[in-house]
There are 2 protein chains.
Amino acid sequence: MKTSNHSPTALLRAHGLRVTPQRLAVAEYVLRKPMHVTARIVHEKIRESYPAISMNTVYLTLGQFERCGLLNRFEVHGNIVFDSNTSPHDHACCNRCGAIIDLDSPRSEPSEQAAPLPEQLRQWQIKAERRIWMGLCPACNAESVL
Amino acid sequence: MKTSNHSPTALLRAHGLRVTPQRLAVAEYVLRKPMHVTARIVHEKIRESYPAISMNTVYLTLGQFERCGLLNRFEVHGNIVFDSNTSPHDHACCNRCGAIIDLDSPRSEPSEQAAPLPEQLRQWQIKAERRIWMGLCPACNAESVL
DNA sequence: GTGGTAGATAGGATGTATTCCTATAAAGGA
DNA sequence: TCCTTTATAGGAATACATCCTATCTACCAC
Ligand SMILES: [Mn+2]
Ligand SMILES: [Mn+2]
Ligand SMILES: [Zn+2]
Ligand SMILES: [Zn+2]
């Protein structure tokens, strides 16, 4: 079993990216498990172990990871969110606390669209479909009743 | 037939908004037909006939219209877009030229969700569902082939 | 009509997320 | 080890949205 192929270092190499401490730190934090992060969150987190990292590097690195297919990007409430779960899925976002959760989409296979492509888009070249439910998460909903 | 009830003036009054020249100008431009506009676009347009209007007033007015249910707000590519088509529908957006089109959703009645509410959201209080297809519109797609 | 008051506007200041620029530093191949 | 290419840090620049406040005005009561 070649675990080296799954290490962050090997992952970077496999995508033609030079292995730098900054990229390793970002990869180890972001790609470890499915998560939703903003550039600011990544910056704050990485600085704990790598205080000199700049915001610019975080943006560049996340953008590269996106271009490599290691991350997806979407927006919610005007913020850019990076998603390390790259399989097709939908989201729900709490309007109050900002929590974002993954939804198990009812798609039988990854390439399948969640919904049939509307008639009007027959001439379009569709790259992505985004679905997001907005509202109050259970915790915030309970608070708002008080 | 009381057409006055459908005039912009009557519309503002019906929603408890004072009738000012600025609000009238915005209402006449934005609520005339279904459209997607940003605050910047509204500002530029209104200034043609009302050069003194400020960006701040445009933001305030659009926000008030939204709270009255006369407009919906969503985001695309980091920009806030106001939609004067307030019936439930989905969108497609061109990644290249930014064009946004309405999609006839396959919803039999306005209150119906376009897709069944996912199991995981049973405890949530959902306020809105957003669906957007991203890609290249026919015109931009043709250009990209050249 | 007039006057008073609550609400609206203009203009500018402020905040914040993202991108751009550039000199320096470092990765990795020869 | 050296060299070339690429990455990084830091700061400037941009762009959008919101906040603040003095002035103005719509409109209601009289
Ligand atoms: Mn996700
Ligand atoms: Mn629309
Ligand atoms: Zn919440
Ligand atoms: Zn286009």
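So that the names make sense, note that chain A is the first sequence line, chain B the second, and so on, each numbered from 1.
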Exercise. In B/S/- notation, 5' to 3', how is nucleotides 17-24 of chain C contacted by protein heavy atoms closer than 4.0 Å?
Worked result: SSBBB---
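Between atom CG of residue A:Asn141 and atom CD of residue B:Gln123 there is a gap of 9.5 Å, rounded to the nearest 0.5 Å. To the nearest 0.5 Å, the span separating CG on B:Leu71 from CG on B:Leu31 amounts to 5.5 Å.
Between B:Arg32 and B:Glu28 no salt bridge is recorded (no basic side-chain N to carboxylate O distance below 4.0 Å).
Note that the first and last nucleotides of DNA chain D, 5' to 3', having any atom under 4.0 angstrom from a heavy atom of chain A are D:dT5 to D:dG10.
Atom CZ in B:Arg47 sits roughly 13 Å away from atom C1' in C:dG11 (whole-Å rounding).
Across all strands shown, B:Pro51 has no heavy atoms under 4.0 Å from either base or sugar-phosphate atoms.
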Between the protein and nucleotides 28-30 of chain C, list the N/O to N/O atom pairs that are separated by less than 3.5 angstrom.
residue, atom, partner, partner atom, Å
C:dG28, OP1, A:Val19, N, 2.8

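Side chain of B:His43 to main chain of B:Ile53: a donor-acceptor pair is present (N/O by atom type, distance under 3.5 Å, no hydrogens or angles). Formation of a donor-acceptor pair under 3.5 Å by the A:Thr86 side chain with backbone atoms of A:Leu70 is not found in this model.
Between C:dA10 and B:Thr57, a contact under 4.0 Å exists linking OP1 or OP2 to a side-chain N or O.
Checking B:His91 against B:Asp102 by side-chain atom types alone, a donor-acceptor pair falls below 3.5 Å.
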